[in-house]
Amino acid sequence: MVNENKKVRVRFAPSPTGGLHLGGVRTVLFNYLFAKHHGGEFVLRIEDTDQSRFVAGAEEYIFDCLNWCGLTPDESPVHGGAYGPYRQSERKESYRKYAEQLVADGSAYYAFDTPAELEEMRNRFKTAESPSPQYNYILREQMRNSLTLGEEEVARLLSEDAAHVIRIKMPTDETIVFTDMIRGEVAFHSSQTDDKVLLKADGMPTYHLAVVVDDYLMKITHAFRGEEWLPSAPVHILLWKYLFGLDQMPQWAHLPLILKPDGNGKLSKRDGDRMGFPVFAMNWTDPKTTETTQGFRERGFLPEAFINMLVMLGWNDGTENEIFTLQKLVDKFTMERVHKGGARFDYEKAKWFNHEWIKHLPASHYQPRVRQLLEAEGISVPDDGQLQKVLELVKDRCTLLPDFVQQAGFFFKTPTNIDTAAIKPKWDEKKNLFFGEMMLAFDLAPSWQHEELERTFKELTAVHEIKPGELMLPLRIMLVGGKFGPGVFHVAEVLGKEETIKRIKFTLQLVQG
RNA sequence: GGCCGGUUCGUCUAUCGGCUAGGACAUCUCCCUUUCACGGAGGAAAGACGGGUUCGAUUCCCGUACCGGCUACCA
């Protein structure tokens, strides 16, 4: 699959029109892993040939997402490189000559049909059996193009700058075959594909022309894209054949799609909104509507977990391992183990990956983000060391980063909302007495270690002839505020003597009152 | 409609002709834990269907069904 003589070069070519979708990130990932596995280069090219779909900030957003994921391009509009510019809008002038070359050698032609005429044609030929008539080898005979108009008329229109596009002239009867890295040999009949527009009336290339020209100019060796592109592959194959030669063509790989969790179709932003999970990598704010769509990052995912979860949607290393670092993935990734079939997205499993990563990583890794989360809730954390200790203590209980607010917040801010309802019904004077004495005993404790505190507590329960079980929950409520958190004596240890006693005293008053 | 692709537990998947079909998520039961988790043990749960090929098919071939993608001067 990999030609030893050629340096592997891959590209991700998004169009900057909005939030970066899960599937897009996975395409980046597979590109990146393949390139790095083979010691190659990963290029990011911006496909902004559709000026009507320009969205401010979308390009910068893509870079932020890749940056967050740790999938840094070797070449891009911001990273530079020897094959720039990396924005197709800035390469506009380079495409026309290839399109003209195709016209000159008879593989393409000028078409002067207006959008209205096109629509009229489609309506006229639309039938039940053929709901979407194609501008193909039959219909082009009835349209206004350089095949039907006669040389003089064409020359006149051209000299008058009449609006026109350049369309590929699909062969009437030819079988187009290529070998996909994932699917093996795939064949198409040329008559089934329409005469795609190559160069638009505004002079911009369509994706079809641009992808071929730029992949050639940028010396791309392997071209990965979503499966939705498979039907237009024959156009690209033909363009390669006409323009640069099939021996120059990159190896294609059409990646399986990421599907909706509940049934039919590829996963969309709508599904996330509908079912309450993110679809974009990071928050995306539509500049027109100012509406923000939450991303995986802001939902509290770790980038390590995010890419780990994504890579497992369509690839595995053949073992029962599911947790991989980026570096491990680079080592192990091969196209041979990429699946053909689409994978349903499962948010529960995605969360599981994040939970695993929170547990495995040292807390220092995500400490700054947790600090931000806490501070956003008005919980200030003066001491880094203390925060570190707390995070290690509670991380087993956190699936998403915001879970730390509940699990760690009470260590730094005395709980005000205390679940006294959980203890009040069984409260009595004996317990009152017990806690009164326990505060004294704690105050005199020789050391403030959880073992010591637990021993002191147990001894006192024996003296008072109360089962420890009846007092553990009240103590927890006093220190934590609710029925959650690490072992209650561990909590006391971290809280320190003064704060522990203060909280006991406070709740005691609440319960008595 | 046409073309192309896909099809193993509910979900993600292992299996490259020998299978008592393995793992993970989710789910259920139990243990651990005088909270919530973590952890541990166990249960239930799958080869779309029909034909071939073969000593033997989940695996190879062909049909059918179902699902998906595409069918724009969007990518």
Side-chain angles (χ1 to χ4, degrees), chain A residues 13-17 47-50 52-53 111 113-115 118-119 122 126-136 163-167 180 182-183 186-189 191-194 196-202 204-208 210-211 225-234 254 256-257 259-266 309 312-323 336 339-353 355 359 394-399 403 406-407 422 467-473 475-477 480 482-488 491:
Chain A
S15 63
T17 51
E47 306 244 347
D48 56 351
T49 53
D50 187 352
S52 67
R53 297 213 304 169
D113 317 278
T114 64
L118 253 17
E119 201 194 327
R122 292 204 173 94
K126 198 194 290 186
T127 62
E129 306 86 61
S130 172
S132 34
Q134 295 190 317
Y135 199 121
N136 63 9
H164 67 279
V165 301
I166 293 179
R167 285 178 182 271
D180 186 275
I182 295 171
R183 285 147 220 286
V186 184
F188 297 85
H189 193 85
S191 65
Q192 296 296 328
T193 305
D194 58 345
K196 295 278 185 222
V197 169
L198 265 19
L199 199 73
K200 300 187 258 192
D202 64 3
M204 279 287 195
T206 60
Y207 172 82
H208 305 296
V211 73
R225 66 203 335 183
E227 191 187 341
E228 70 267 30
W229 287 107
L230 206 42
S232 51
H254 290 88
L257 266 16
L259 277 11
K260 296 180 199 294
D262 61 341
N264 23 18
K266 56 177 173 178
M309 173 274 285
M312 297 310 289
L313 251 30
W315 176 87
N316 71 82
D317 76 338
T319 74
E320 284 171 0
N321 239 332
E322 293 190 273
I323 303 297
E336 285 72 28
H339 303 159
K340 298 179 170 78
R344 287 227 161 94
F345 176 68
D346 181 356
Y347 186 54
E348 291 306 315
K349 183 97 188 209
K351 285 195 293 192
W352 176 79
F353 276 106
H355 193 16
K359 285 187 294 178
V394 304
K395 66 183 189 181
D396 283 358
R397 279 153 245 262
C398 298
T399 300
D403 294 343
Q406 192 198 37
Q407 294 295 336
K467 279 182 279 183
E470 292 189 44
L471 298 162
M472 293 285 266
L473 185 66
L475 180 56
R476 165 172 302 282
I477 300 292
V480 175
K483 289 188 264 188
F484 60 92
V488 71
V491 173

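Per chain, numbering begins at 1; letters A, B, ... match sequence-line order.
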Novice: Strictly below 4.0 Å, N to O, side chains only: are A/D50 and A/R53 in salt-bridge contact?
Specialist: yes
Novice: According to side-chain contact (heavy atoms from CB on, under 4.5 Å), who are the partners of A/P234, at least two apart in sequence or on a separate chain?
Specialist: A/I176, A/F188, A/T193
Novice: When rounded to the nearest Å, what value does the distance between P atoms of B/U33 and B/C28 take?
Specialist: 22 Å
Novice: Salt bridge or not for A/K351 and A/E348, using N-O below 4.0 Å?
Specialist: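 Salt bridge flag = yes for A/E348 with A/K351.
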Novice: Now, which nucleotide makes the Watson-Crick or G-U wobble pair with B/C25, with each of the two distances under 3.5 Å?
Specialist: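 Checking every strand shown, B/C25 finds its partner in B/G10, with both distances under 3.5 Å.
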Novice: Return the nucleotide paired to B/A45: Watson-Crick means purine N1 to pyrimidine N3 with N6-O4 or O6-N4, wobble means G-U with N1-O2 and O6-N3, both under 3.5 Å.
Specialist: none
Novice: Provide the distance between the two P atoms, one in B/G51 and one in B/U59, to the nearest whole Å.
Specialist: 14 Å
Novice: Taking atom NZ of A/K126 as the centre, does the number of heavy atoms from other residues, nucleotides or ligands within less than 6.0 Å exceed 12?
Specialist: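 Atom NZ in A/K126 is not packed in, count stays at 12 or less.
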Novice: With the sugar-phosphate defined as primed atoms, P, OP1 and OP2, and the base as all remaining atoms, what B/S/- string results for nucleotides 21-41 of chain B, 5' to 3', for protein heavy atoms under 4.0 Å?
Specialist: -SSBS--------BBBBSS--
Novice: Checking one value: the base orientation of B/C36, syn if chi is within 90 degrees of 0, otherwise anti.
Specialist: anti
Novice: Please work out if A/V394 contacts a base, only the sugar-phosphate, or nothing of the nucleic acid, heavy-atom cut-off 4.0 Å.
Specialist: nothing
Novice: Just call it for A/H339: base, sugar-phosphate, or nothing, with non-hydrogen atoms closer than 4.0 Å on any strand.
Specialist: sugar-phosphate
Novice: In whole Å, measure the gap between the C1' atoms of B/U7 and B/U64 for me.
Specialist: 13 Å
Novice: Distance to the ring centre below 6.0 angstrom and angle to the axis at most 45 degrees; does that hold for A/R167 and A/Y135?
Specialist: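 Yes, A/R167 and A/Y135 form such a contact.
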Novice: With rounding to whole Å, what would you report as the distance between B/G22 and B/U71 at their C1' atoms?
Specialist: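 Each nucleotide's C1' atom is 42 Å from the other's.
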Novice: Any salt bridge between A/E227 and A/K266, counting N to O under 4.0 Å?
Specialist: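 Judged by the 4.0 Å cut-off on N to carboxylate O distance, A/E227 and A/K266 do not form a salt bridge.
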Novice: With the sugar-phosphate defined as primed atoms, P, OP1 and OP2, and the base as all remaining atoms, what B/S/- string results for nucleotides 69-75 of chain B, 5' to 3', for protein heavy atoms under 4.0 Å?
Specialist: BSB-BBB
Novice: C1' atom, B/C19 versus B/C25: distance in rounded Å?
Specialist: 24 Å
Novice: When the C1' atoms of B/A72 and B/C12 are considered, how many whole Å apart are they?
Specialist: 35 Å
Novice: Taking atom C1' in both B/A57 and B/C4, compute the distance separating them and give it to the nearest angstrom.
Specialist: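 Straight-line distance between the two C1' atoms is 28 Å.
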Novice: Mind checking whether A/W229 and A/Y207 have parallel, tilted or perpendicular rings, split at 30° and 60°?
Specialist: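 Aromatic pair A/W229/A/Y207 classed parallel.
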Novice: Measuring only the C1' atom in each nucleotide, how far is B/A14 from B/G47? A whole number of Å is fine.
Specialist: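 Per the computed distance, 13 Å lies between those C1' atoms.
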Novice: Does A/K359 reach the main-chain N or O of A/D396 with its side chain, forming a donor-acceptor pair under 3.5 Å?
Specialist: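 No; judged by distance alone, with no hydrogens or angles, the pair does not exist.
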